[in-house]
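What follows is a short report on a single structure.
The figures that follow rest on heavy atoms only: side chains count, while hydrogens, waters and symmetry mates do not.
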Amino acid sequence: MKLFSLTLALFGFLFAALTAAEEDEGWISLFDGKSLDGWKPNEENPDSFSVEEGLLKVSGPRSHLFYAGEINGASFKDFEFKAKVMTKPKANSGIYFHTAYQAQGWPAKGYECQVNSTHSDRRKTGSLYAIVDVLDDAPSKDGEWFDYYIKVEGKRVIIKINGEVKVDYTEPDSPERDGGMKDRLIDKGTIALQAHDPESTVFYKDIFIRPL
């Protein structure tokens, strides 16, 4: 456990040094590596989110952490997003965009970009959840950092994992959706991170956005 904590701290230090260069390119940090300032957990299980060794730790029962800071008024339409992510075994999480704060339940608004290397859900890392799915064969590995990139421009969504395109989707004018997916449409909104279940632990760091 001590070795794992030391490794987390080392990675946090190494990548923190890149922040200034990325900001020069127009990227804006959403996470300061010290606190959850600018983020708002919903009311279900706020303790599922914490900061550990400079990393945003997502671990515990279902809950969602919404960006609610000052950048762009916490509302993004066209943007690029990137983060470094590491899953622990059987973990499940997600990155929502064009969503909105809600106190309980799975977010009803926006799209989810799946984070899942070895959880039993067949939809793996890089999926635009239930819209364009990466099934069974995850492009990420537990215990290893990977790069998660999302670009939304107009009606087009691109998801890359470690630089490889996994989703290139253009939303049709009148998409046919059933049930809870019918309101998941390109619009505008904030970013949210998902705590999925008590057995899931996922780490995030170097969380950046670049409005377009």
Side-chain angles (χ1 to χ4, degrees), residues 25-31 38-42 58 62-85 92-116 121-135 138-140 146-196 202 204 206-212:
E25 296 172 358
W27 291 96
I28 306 168
S29 177
L30 298 181
F31 172 55
W39 293 85
K40 181 179 180 179
N42 67 8
V58 180
R62 185 183 71 178
S63 193
H64 292 82
L65 182 70
F66 296 83
Y67 178 71
E70 297 179 354
I71 297 169
N72 237 55
S75 181
F76 307 97
K77 184 172 177 60
D78 293 344
F79 65 90
E80 291 176 282
F81 171 96
K82 62 181 179 179
K84 291 187 180 293
V85 186
N92 192 330
S93 183
I95 303 165
Y96 281 82
F97 66 85
H98 287 183
T99 193
Y101 177 83
Q102 63 183 62
Q104 303 282 336
W106 309 107
K109 183 177 184 292
Y111 282 110
E112 178 189 357
C113 302
Q114 175 78 315
V115 174
N116 167 19
D121 190 334
R122 292 186 63 201
R123 296 179 173 101
K124 301 302 182 185
T125 295
S127 296
L128 188 61
Y129 198 88
I131 305 296
V132 181
D133 290 315
V134 178
L135 295 176
S140 56
F146 58 91
D147 296 319
Y148 212 120
Y149 171 89
I150 304 164
K151 182 178 182 180
V152 180
E153 191 166 23
K155 295 287 188 175
R156 187 180 184 189
V157 180
I158 296 173
I159 299 175
K160 297 180 184 180
I161 304 299
N162 289 331
E164 182 178 350
V165 175
K166 292 300 175 182
V167 169
D168 190 340
Y169 169 75
T170 299
E171 182 185 274
D173 290 337
S174 299
E176 295 183 4
R177 304 276 174 78
D178 295 325
M181 300 306 296
K182 65 181 180 180
D183 295 324
R184 299 192 183 283
L185 301 172
I186 295 291
D187 184 19
K188 61 182 178 179
T190 194
I191 303 293
L193 302 179
Q194 178 188 86
H196 185 272
V202 178
Y204 292 86
D206 299 347
I207 305 172
F208 295 95
I209 201 162
R210 176 159 59 182
L212 298 175

Task: Centroid-centroid distance, W39 to H64, less than 6.0 Å - done: no
- [ ] Determine whether I150 and I95 make a side-chain contact, defined as any pair of heavy atoms from C-beta on separated by less than 4.5 Å.
- [x] yes
Open item on the list: Going by side chain to side chain contact (heavy atoms under 4.5 Å, CB included), name the residues that satisfy it together with H98, two or more places apart in sequence or in a different chain.
Closed with: F79, V152, I186
Task: Under the salt bridge (charged side-chain N to carboxylate O under 4.0 Å, His left out) test, residues paired with K188 that sit two or more places apart - done: none
Open item on the list: Restricting to side chain to side chain donor-acceptor pair (under 3.5 Å), what partner residues turn up for K40, sequence neighbours left out?
Closed with: none
Open item on the list: Between Y111 and E171, is there a side-chain donor-acceptor contact under 3.5 Å, judged purely by atom types and distance?
Closed with: yes
Task: Those residues that, when tested against D121, pass salt bridge (charged side-chain N to carboxylate O under 4.0 Å, His left out) (two or more places apart) - done: none
- [ ] In sequence, state the C-alpha distance, the side-chain angles, and the governing distance for D206 and K84, and then conclude on salt bridge (charged side-chain N to carboxylate O under 4.0 Å, His left out).
- [x] CA-CA 6 Å; D206 299 347; K84 291 187 180 293; 5.2 Å; no
Task: 4.5 Å side-chain heavy-atom contact, L30 and F208 - done: no
TODO: Would you please name every residue forming a salt bridge (charged side-chain N to carboxylate O under 4.0 Å, His left out) with K166, sequence neighbours left out?
DONE: E164
TODO: Mind checking salt bridge (charged side-chain N to carboxylate O under 4.0 Å, His left out) for E80 and listing every partner two or more places apart, or none if nothing turns up?
DONE: R210
Open item on the list: Around atom CD of Q104, are there more than 12 heavy atoms from other residues, nucleotides or ligands closer than 6.0 Å?
Closed with: yes
